[in-house]
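I have placed the structure first, in the form of structure tokens, so that the comments after it can refer back to it.
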Amino acid sequence: TVWRCLEGLGKLMQEGQLGAVQGEWARRILSTQPRRELLECEGWLPVFGDGSLLEGSWKREGTKYIKDKGRGLMWTTVFVGPLIAAQAIAKPGEGEETLVRALLPQVVEGVLKPLKLVERALVMVDSLNGKGPSLDVYEQHQLKYIAGAGALSQTDEVLRTQPESQWFDLGAQPKRGWTESAVCLAWIQCEGWKEKRLLVGRRIVRQDDMFPIYYGVLTNLTETDLGVSDARQFALKVWRLYDAKGRMELRYQDALSDLGLHHPPCQAHVRNAGFYALGTLAHTLGVGVELIGGRGRKDMPEKPSKTQAVKVPPKIRVKPRRSFMRLWRVSRRLFALPARLCRHARTLTVTLLGASAQTQQLFQHYWGQICRC
């Protein structure tokens, strides 16, 4: 029965019905959040497309082999903020780059346009999704982007041939292990491109190394978009935004670890597609409960009172930040609770059994916030 249900869900996923539901859930949850919290990356809404290689064997339909990573099924997702707005399991002949290009238009039409956030969305992807066909898709939908340029053969050559006057020296950064660092702006046009694109380069020298290492990212942001007035500050801000992409990759932990989605259950592709569609909806439900119900939680850091002795440097502004629970903790504290349900006179009564006063208070706070949403 389980396999038949998964097959039915997989067919709904292939027909696009579950994908539409996923987009609608993400849009509705994001619409409940304050706009200033959505624009978490210095005034931009992060849109993060990436793929994760799941556990696999040659028996599973769609298994692929990737050098230095091994073999498995490729699960591709597009996050909008903390939520998965679209996802898919790669079929034979498909890959991460192909799926990101296919999923992104769904995200734009189903989530970003209804929320009127297309102009403030910032696509951040790695070098695999920083090639010409992918960049054309971002520009076609009028999206701002920062994409890794490491997969382009001309990137290293363009950066190495830049005159020293084009580089802005940033000095040593001991915390990162760099004895030298610099940034620059250049233009690059690869074969098949209709026009040149802006390349923001970074040059570093690591400790105990003799020769510098070059990195580059492509972007269509402008100085006006970032609110800066000179090339040096523009390059620094672009790299600061792109460095935030590493934190977004940690969002896979909730889905892969807490929900156990790293292990596909079936051999048939259609059943695995149904399983991951259902798992993504479960992830969205858990994150949505935390986003909506956790607002104003008691254990949030509060502003220090006048009687508290707090030593703060004079030019640093202390701003309380909300702490988010991991998905496994949300499940344990709010979902996996012993309770008795009783419906009478159109009223549903939930009685928690054997829960501590702290757990009951947390439960009431979360579901009270959700009911008022």
Side-chain angles (χ1 to χ4, degrees), residues 16 19 23 26 41 44-52 64 66 74-81 84-91 93-159 185-202 215-226 234-235 237-239 241-242 244-245 248-249:
C41 282
W44 296 92
L45 172 65
V47 178
F48 173 58
D50 199 7
S52 178
K64 55 180 74 273
I66 299 179
M74 177 57 67
W75 184 43
T76 303
T77 58
V78 176
F79 280 83
V80 175
I84 299 176
Q87 61 82 34
I89 292 285
K91 301 176 184 177
E94 290 181 335
E96 175 188 333
E97 184 183 358
T98 306
L99 286 178
V100 169
R101 291 201 299 264
L103 295 175
L104 196 60
Q106 302 176 22
V107 174
V108 173
E109 297 296 331
V111 179
L112 297 179
K113 282 188 177 180
L115 295 176
K116 299 180 180 180
L117 286 171
V118 176
E119 295 181 355
R120 300 308 303 172
L122 179 61
V123 178
M124 286 187 279
V125 291
D126 56 20
S127 57
L128 185 63
N129 297 286
K131 302 176 184 177
S134 298
L135 300 176
D136 291 338
V137 173
Y138 311 150
E139 294 168 354
Q140 178 184 350
H141 291 88
Q142 301 179 350
L143 294 170
K144 299 295 183 180
Y145 63 83
I146 303 178
L152 302 178
S153 58
Q154 296 185 20
T155 298
D156 196 67
E157 179 183 356
V158 169
L159 294 178
L185 300 180
W187 294 98
I188 184 173
Q189 185 171 7
C190 298
E191 184 179 356
W193 290 10
K194 296 180 180 179
E195 57 185 10
K196 59 185 179 180
R197 292 184 169 98
L198 182 61
L199 176 67
V200 184
R202 174 188 278 173
Y215 300 98
V217 293
L218 297 163
T219 184
N220 61 347
L221 291 168
T222 63
E223 293 181 359
T224 304
D225 294 330
L226 299 184
F234 174 79
K237 198 162 187 178
V238 168
W239 274 109
L241 287 169
Y242 189 72
K245 184 179 72 69
M248 298 176 192
E249 295 177 356

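What you are looking at is a predicted structure, and each value in this text was computed from that prediction instead of being measured.
- Atom CD of E249 is separated from atom CE of M124 by 11.0 Å, given to the nearest 0.5 angstrom.
- Considering all non-hydrogen atoms of both residues, V158 and A186 come closest at CG1-CB, 4.0 Å.
- With sequence neighbours excluded, the residues forming a side chain to side chain contact (heavy atoms under 4.5 Å, CB included) with P133 are R101, K131, listed by chain and number.
- Note that CD of Q87 and CD of Q106 are 10.0 Å apart. Values are rounded to the nearest 0.5 Å.
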key: Residues V47, L104; criterion side chain to side chain contact (heavy atoms under 4.5 Å, CB included); working and verdict   = CA-CA 9 Å; V47 178; L104 196 60; 4.1 Å; yes

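- Screening V217, T219, L152, L159 for a side chain to side chain contact (heavy atoms under 4.5 Å, CB included) involving L199 leaves a single residue, L159.
- Applying the salt bridge (Lys or Arg N to Asp or Glu O under 4.0 Å) test to D50 and every residue at least two apart in sequence or in another chain returns nothing.
- Remark: the backbone N or O of D156 is not paired with any side-chain donor or acceptor of Y215 at under 3.5 angstrom.
- Taking CD1 from I89 and CH2 from W75, the interatomic distance works out to 7.5 Å, rounded to the nearest 0.5 Å.
- K144 and L221 make their closest contact through CB-CD2, 3.8 Å (heavy atoms, listed as atom of the first residue, atom of the second, distance).
- Proximity of D225 to F234: side-chain heavy atoms (C-beta onward) are nowhere separated by under 4.5 Å.
- Shortest non-hydrogen contact noted between C41 and L241 is O-CD2, 3.7 Å.
- Side chains of W187 and L198 form a contact here, defined as non-hydrogen atoms less than 4.5 Å apart.
- Under the side chain to side chain contact (heavy atoms under 4.5 Å, CB included) criterion, E109 pairs with K113, not counting sequence neighbours.
- Here the closest heavy-atom approach between residue M248 and residue P46 is recorded as CE-CB, 3.1 Å.
- Within the 4.5 Å cutoff, the side chain of L128 has no heavy atoms near those of the V100 side chain.
- Applying the side-chain hydrogen bond (donor to acceptor under 3.5 Å, both in side chains) test to pairs two or more places apart or on separate chains, those with a residue in residues 114-128 are D126-N129.
- Side-chain contact check for L135 versus W193: some heavy-atom pair is nearer than 4.5 Å.
- In this structure a side-chain-to-backbone donor-acceptor pair under 3.5 Å is present from K64 to E94.
- In this structure, E139 places its CD atom where more than 12 heavy-atom neighbours from other residues, nucleotides or ligands lie under 6.0 Å away.
- Taking the salt bridge (Lys or Arg N to Asp or Glu O under 4.0 Å) definition, one finds that K196 meets it with nothing, sequence neighbours left out.
- When all heavy atoms of T155 and A149 are compared, the pair lying nearest together is OG1-O, 2.7 Å.
- Annotation: side chain of Y145 is not in contact with side chain of V125 (no heavy-atom distance under 4.5 Å).
- Between Q154 and E191, the shortest heavy-atom contact is NE2-N, 4.3 Å.
- By the side chain to side chain contact (heavy atoms under 4.5 Å, CB included) test, A235 pairs with V183, L185, V200, sequence neighbours left out.
- Put simply, the side chain of L112 reaches to within 4.5 Å of the side chain of L143, judged on heavy atoms.
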